[in-house]
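Below is one structure, written out as structure tokens; the observations come after it.
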Number of protein chains: 2
Amino acid sequence: MPGRSPARSRRATERKGDVRERAILDTCEALLAQKGYDAMTVGDLAQGAGITRGALYFYFGSKQEAVTALVARTVEHLWERSRTTAQADEPRQAIAAAMQRTVDLWNEHGLVMRTAIDLSLTVPEIGELWSRTADLFITAITAVLERAGVEAGTEPEQASAMARALCWMIERSFYHASQESREELQRASSTCEHIWLISAGLVG
Amino acid sequence: MPGRSPARSRRATERKGDVRERAILDTCEALLAQKGYDAMTVGDLAQGAGITRGALYFYFGSKQEAVTALVARTVEHLWERSRTTAQADEPRQAIAAAMQRTVDLWNEHGLVMRTAIDLSLTVPEIGELWSRTADLFITAITAVLERAGVEAGTEPEQASAMARALCWMIERSFYHASQESREELQRASSTCEHIWLISAGLVG
DNA sequence: CATTAAAATCGACACTGTGTAGACTTTCGG
DNA sequence: CCGAAAGTCTACACAGTGTCGATTTTAATG
């Protein structure tokens, strides 16, 4: 890997490699949509980026590494957004807002997110990224539940564990729905929101 | 594939191939646990079953086919059980019983079930098997919700859609928990049961 | 602007796993 | 006991992977 992780500080001119690297990730995303992870070959990736396999290995050590980088790019963008978004105070509003943001997220990045989920078992790096992302959500849900009056704590029927289950519910529902259509995603969102509200004791 | 699906009727002597086929599937299950799907090779499979690769291709056309057969075997066993299990009338009891059965299922077959879920995207055959299994659960959950007074119908806040979301919640929660430990699975079950009860309006 | 070290690229090679073909052996019903 | 079906093996052709050393391009610098 070239000029990677450590604070890339201010750089005068953009290295040619940076452009290529982006091209590779873009190609990766496109191929993932076209043929899926398994069918996608390192050769395809290189060809799509306009270089040979040999050259591609200069950037990424394997298909997995490339996809991991793609997931990292997407997930960072996702963290960015969640950091800069205001949190509502009133639970009902907070829930509605969170669900809407999540729908947007899946509409934009559904493909990469599904890929991340699929690979989080087999590629530890991706597993780590995704689990950190999930933790963000779980923490947020926990906070809302507690503010709505659900007992705090980590026992099976307290806020933390419930938040985890709700998070998985949303993940899986969106995973499936986002494969179908935007409408389906919207419907899934409504259902999940409803269950979340009930679980928070905000609907009777 | 040799003497497969169609009613195997009563057979005088068991074909040698039937034994071998079972051996292959058993080996497959063991290898899945040891090294996981990706790392498992057709050669490993053959070796584990005491034959050469060439011979293995007599039984299954590929690694995927073998795993599909393993999933089919497990899932059939699962359907069998759900068919012969009595359904309780009282919703609270029905929910508790269903959750307990599901815990048992995951304790026994967690590995294969996780594999099935992972591969249901990439292997259409497995996707079909698993989606049919999920439908069984969704139907059952729907019935319980309706008996508990949740409005019937397929709109996002009616029984059917809610059942689907709850099913995904359980699937995903169990998927993760069953990787950890039996205790974790039991705790996840409690949490899911709690949310199911609340969603059915039976607690609160 | 000539130099030069780093960055980027290429083609060829060795390796591993897949799936197929054809020949050989075992099993077992008639 | 004989012949067909069932089961097995070895050998091969092929795909994709990852590595290596040689070569070309880039861009900072004196």
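Chain letters run A, B, ... following the sequence lines, proteins first, then strands; residues in each count from 1. Quick caveat, the model's predicted, so the values are computed rather than measured.
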- Message: Suppose we screen for side chain to side chain contact (heavy atoms under 4.5 Å, CB included). Which residues come up paired with A:Gln47, at least two apart in sequence or across chains?
- Response: none
- Message: Strictly below 4.0 Å: does A:Tyr59 bring a side-chain N or O up to OP1 or OP2 of C:dT9?
- Response: yes
- For A:Thr122, all residues meeting side chain to side chain contact (heavy atoms under 4.5 Å, CB included), sequence neighbours excluded: A:Leu119, B:Asp38
Grab the N/O contacts between the protein and nucleotides 3-6 of chain C below 3.5 Å, and write none if there aren't any.
none

- D:dT8 phosphate, OP1 or OP2: any side-chain N/O from B:Arg20 under 4.0 angstrom? yes
- Kindly write out the residues that satisfy side chain to side chain contact (heavy atoms under 4.5 Å, CB included) with A:Thr84, not counting sequence neighbours, or none if the list is empty. A:Glu80
- Ordered by number, residues from residues 22-42 of chain A within less than 4.0 Å of DNA chain D (heavy atoms) are A:Thr41, A:Val42
- Message: Strictly by side-chain hydrogen bond (donor to acceptor under 3.5 Å, both in side chains), give each pair with a member in residues 26-35 of chain B just once, sequence neighbours left out.
- Response: B:Asp26-B:Arg73, B:Lys35-B:Asp44
- Message: Expressed as a whole number of angstroms, how long is the span from A:Glu21:CD to C:dA7:C1'?
- Response: 13 Å
- Message: If the condition is salt bridge (charged side-chain N to carboxylate O under 4.0 Å, His left out), which residues does B:Glu108 pass it with, not counting sequence neighbours?
- Response: B:Arg81
- Message: Within a 6.0 Å radius of atom CD on A:Glu125, are there more than 12 heavy atoms belonging to other residues, nucleotides or ligands?
- Response: no
- Atom pair distance, as rounded to whole Å: CG in B:Leu56 and C1' in D:dT10: 16 Å
- Item | side chain to side chain contact (heavy atoms under 4.5 Å, CB included) partners of A:Ala200, counting only residues at least two apart | A:Leu145, A:Ala148, A:Leu202
Solution key, residues 94-107 of chain B side-chain donor-acceptor pairs under 3.5 Å, sequence neighbours excluded:
from     : atom 1 : to       : atom 2 : distance (Å)
B:Gln100 : NE2    : B:Asp104 : OD1    : 3.2
B:Thr102 : OG1    : B:Ala98  : O      : 2.7

- Query: C:dT16 pairs with which nucleotide, Watson-Crick or G-U wobble, both distances below 3.5 Å?
  - Reply: none
- A:Tyr57 OH to D:dA22 C1', straight-line distance once rounded to whole Å: 20 Å
